[in-house]
Amino acid sequence: MAKVRFVPDDAVHECEDGMALIDMCEDLDVSLKFGCTEGTCGVCELTVVEGRENLSRPTEEERDYLYEEDIEGGMRLGCQMKIKKGEVSITWKGPRAK
Ligand code: FES
């Protein structure tokens with residue numbers, strides 16, 4: 001099982017290894033929002049605070065949408081990433097962000 005800490009919601013949830021974040025969020029009451037779900041609108045933009053090594057590599061869509069230096073700084077598109085294993089901590093801008 002993998003674990004994701006949703007920092008703005010002060011919540012931790014478990015998921016199966018390899019699960020897509022967007023699928024995980026479907027059943028959760030978290031404030032991370034999704035729009036297009038295809039990596040083109042940026043609504044799901046987030047920052048990985050910890051555990052980047054436990055995520056899938058950035059997709060072509062993320063590389064098209066985000067600047068390389070932002071990716072290096074931990075930014076990702078939530079609709080594109082999978083949690084491979086272990087623990088990951090993410091944060092994002094939003095109404096309840098701290
Ligand atoms: S939901 Fe549009 S980029 Fe992720």
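Any value given below was found using the heavy atoms of this structure, including those in side chains, with hydrogens, waters and symmetry copies removed. Counting convention: from 1, in listed order, for ligands and their atoms alike.
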Distance (rounded to the nearest 0.5 Å) between Cys44 SG and Arg76 CZ: 10.0 Å
Atoms of ligand 1 close to Thr37 [distance to a heavy atom under 4.0 angstrom, numbered from 1]: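 Counting from 1, the qualifying ligand atoms are 1 (S), 2 (Fe).
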Any Gly78 heavy atom less than 4.0 Å to ligand 1: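 Distance cut 4.0 Å: Gly78 fails for ligand 1.
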Atoms of ligand 1 close to Cys41 [distance to a heavy atom under 4.0 angstrom, numbered from 1]: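 Here the atoms of ligand 1 in question are 1 (S), 2 (Fe), 3 (S).
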Ligand-residue contact atoms, ligand 1 with Gly35, heavy atoms, under 4.0 Å: 1 (S)
Angle, SG of Cys79 through atom 4 (Fe) of ligand 1 to SG of Cys44 - 10° precision: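 An angle of 110° at the metal.
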Separation between CE of Met75 and CD of Glu45, rounded to the nearest 0.5 Å: 3.0 Å
Side-chain touch His13/Lys3, heavy atoms, less than 4.5 angstrom: no
Those atoms of ligand 1 less than 4.0 Å from some heavy atom in Cys36: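 The list of qualifying atoms is 1 (S), 2 (Fe), 3 (S).
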Under-4.0 Å salt bridge between Glu87 and Arg5: no
Per-atom contacts, ligand 1 versus Thr40 - under 4.0 Å to a heavy atom: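 Counting atoms of ligand 1 from 1, those under 4.0 Å from Thr40 are 3 (S).
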Sub-4.0 Å atoms of ligand 1 with respect to non-hydrogen atoms of Gly39: 3 (S)
Distance, nearest 0.5 Å, that separates CE of Met81 from CG of Asn54: 10.5 Å
Inter-residue atom distance Leu28.CG - Phe6.CZ, 0.5 Å rounding: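 Leu28 CG to Phe6 CZ: 5.5 Å, rounded to 0.5 Å.
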